[in-house]
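Every number for a ligand or one of its atoms is a count from 1 in the order of the listing.
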Amino acid sequence: MNKGRLIVFSAPSGCGKGTMLSEILKDERFCCSVSATTRKPREGEIDGVNYYFLEKEDFEQRIADGKFLEYACYCDNYYGTLISEVDDRINAGKNVILEIEVQGAMKIREIRPDALFIFIAPPSVQELRRRLHKRGTEADEVIEKRVAEAEKELSFSSKYDYVIVNDALEDAISDFFAVIRAEELKVS
Ligand code: 5GP
């Protein structure tokens, strides 16, 4: 059986990446790694589905035990990809998507150069702020922190293999599948 691919999928908070992913995951060739985080669950988020929600000490113990492929600190919380979420699925032929921020993505670039790196950008920073307010899951000062973080992250987009602007959802999804198809057809 052919191995699957590791796909790194980064987007600043509020770029519509969650909606894009739920569409992409309808295709059985893809699955998403469930990350661990020390962030508190948002309403409706389920442990083991959206994230493994861990206490800081537990997260740090797993770092010490070498359980993470990568981890990063983002807006005062740890986020990390567990090795156990990735390799078995790739060996079983699945394309495993890591939905991670840029620091973690750059670490994966070093250790897994064969991964595919896709950055999702908002049409503009103003639109990003508007979407975060509309989502209403964070307080105003957290939104401003996330917008500032997004501006920093946007400057990393040139380090990815592809940048997809998520203006209209359907177009962004068809761009994603166009990228996958192009990669499948690439002469290796
Ligand atoms: P949120 O708190 O909105 O769920 O996620 C905040 C940021 O953390 C997002 O940019 C998301 O992509 C990133 N993130 C989620 N899981 C991981 C992970 O395992 N590793 C890293 N480096 N970033 C992650």
Side-chain angles (χ1 to χ4, degrees), residues 6-22 24-25 30-56 58-63 65-87 89-90 96-112 115-122 125 128-129 131-157 159-160 162-164 166 172 176:
L6 185 59
I7 301 172
V8 174
F9 194 85
S10 299
S13 186
C15 279
K17 146 190 75 174
T19 328
M20 273 187 78
L21 278 177
S22 53
I24 292 165
L25 293 175
F30 298 90
C31 67
C32 225
S33 147
V34 178
S35 294
T37 184
T38 56
R39 166 168 81 57
K40 297 285 166 256
R42 294 187 186 124
E43 211 181 311
E45 283 185 331
I46 301 168
D47 187 39
V49 175
N50 304 91
Y51 282 106
Y52 298 107
F53 294 101
L54 304 180
E55 293 302 323
K56 194 169 172 224
D58 193 358
F59 198 105
E60 287 174 344
Q61 187 58 51
R62 289 175 202 228
I63 297 174
D65 293 343
K67 302 274 190 214
F68 288 106
L69 187 60
E70 64 73 38
Y71 68 92
C73 208
Y74 174 91
C75 290
D76 307 326
N77 282 301
Y78 282 125
Y79 292 83
T81 307
L82 293 156
I83 295 170
S84 56
E85 286 285 311
V86 175
D87 287 337
R89 291 171 181 173
I90 288 182
V96 178
I97 299 177
L98 304 186
E99 190 259 272
I100 64 178
E101 51 63 73
V102 296
Q103 307 163 63
M106 293 305 109
K107 284 185 211 156
I108 301 284
R109 239 314 176 217
E110 284 167 27
I111 56 175
R112 296 287 179 97
L116 174 62
F117 292 79
I118 301 178
F119 189 90
I120 310 300
V125 173
L128 185 79
R129 185 181 280 110
R131 288 182 190 175
L132 284 173
H133 280 287
K134 189 166 163 235
R135 184 168 84 182
T137 52
E138 265 88 18
D140 283 1
E141 78 261 21
V142 178
I143 291 181
E144 281 317 309
K145 217 171 183 180
R146 282 180 178 246
V147 170
E149 200 60 41
E151 286 184 302
K152 262 194 260 161
E153 289 193 310
L154 280 167
S155 67
F156 276 87
S157 59
K159 305 215 183 291
Y160 285 68
Y162 296 91
V163 177
I164 296 174
N166 186 7
F176 174 85

For atom 3 (O) of ligand 1, which protein heavy atom lies nearest, and how many Å away is it?
Arg146 NH1, 2.8 Å
Contacting atoms of ligand 1, where contact means under 4.0 angstrom from a heavy atom of Arg42
1 (P), 2 (O), 3 (O)
Under 6.0 Å between the ring centres of Phe117 and Phe156?
no
Is the shortest side-chain N to carboxylate O distance from Asp140 to Arg129 below 4.0 Å?
no
Nearest non-hydrogen atom to atom 22 (N) of ligand 1 belongs to which of Met106, Glu149, Glu101?
Glu101
Numbering as shown, the atoms of ligand 1 that approach Lys17 to under 4.0 Å (heavy-atom distance):
9 (C), 10 (O), 11 (C), 12 (O)
Taking atom 20 (N) of ligand 1 as the reference point, the nearest protein heavy atom with its distance:
Glu70 OE2, 2.7 Å
Give the residue and atom name of whichever protein heavy atom lies nearest to atom 19 (O) of ligand 1, and the separation in Å to one decimal.
Ser35 OG, 2.7 Å
Might you work through the side-chain contact (heavy atoms from CB on, under 4.5 Å) test for Ser13 and Leu132, ending with a clear yes or no?
CA-CA 8 Å; Ser13 186; Leu132 284 173; 3.7 Å; yes
Between Arg89 and Glu85, does the salt bridge (Lys or Arg N to Asp or Glu O under 4.0 Å) criterion hold? Intermediate values first, please.
CA-CA 7 Å; Arg89 291 171 181 173; Glu85 286 285 311; 3.4 Å; yes
Just let me know how Tyr74 lines up against ligand 1, side chain, backbone, both or neither, with a heavy-atom cut-off below 4.0 Å.
side chain
Among protein heavy atoms, which lies nearest atom 11 (C) of ligand 1, and at what distance?
Glu99 OE2, 3.1 Å
Which of the numbered atoms in ligand 1 are under 4.0 angstrom from any heavy atom belonging to Arg39?
1 (P), 2 (O), 4 (O)
Just which atoms of ligand 1 are under 4.0 Å from any heavy atom in Gly104?
22 (N)
With heavy-atom distances below 4.0 Å as the criterion, list the atoms of ligand 1 near Gly80.
18 (C), 19 (O), 20 (N)
Test ring pair (Phe, Tyr, Trp, His ring centres under 6.0 Å) applied to Phe68 and Tyr78, Tyr79, Phe59, the passing residue
Phe59
Go through ligand 1 atom by atom and flag the ones less than 4.0 Å from a non-hydrogen atom of Thr81.
19 (O)
Within the side chain of Asp47, is there an N or O that forms a donor-acceptor pair under 3.5 Å with the backbone of Phe53?
yes
Let me see the working for Thr137 and Arg135 under side-chain hydrogen bond (donor to acceptor under 3.5 Å, both in side chains), right down to the final yes or no.
CA-CA 6 Å; Thr137 52; Arg135 184 168 84 182; 3.0 Å; yes
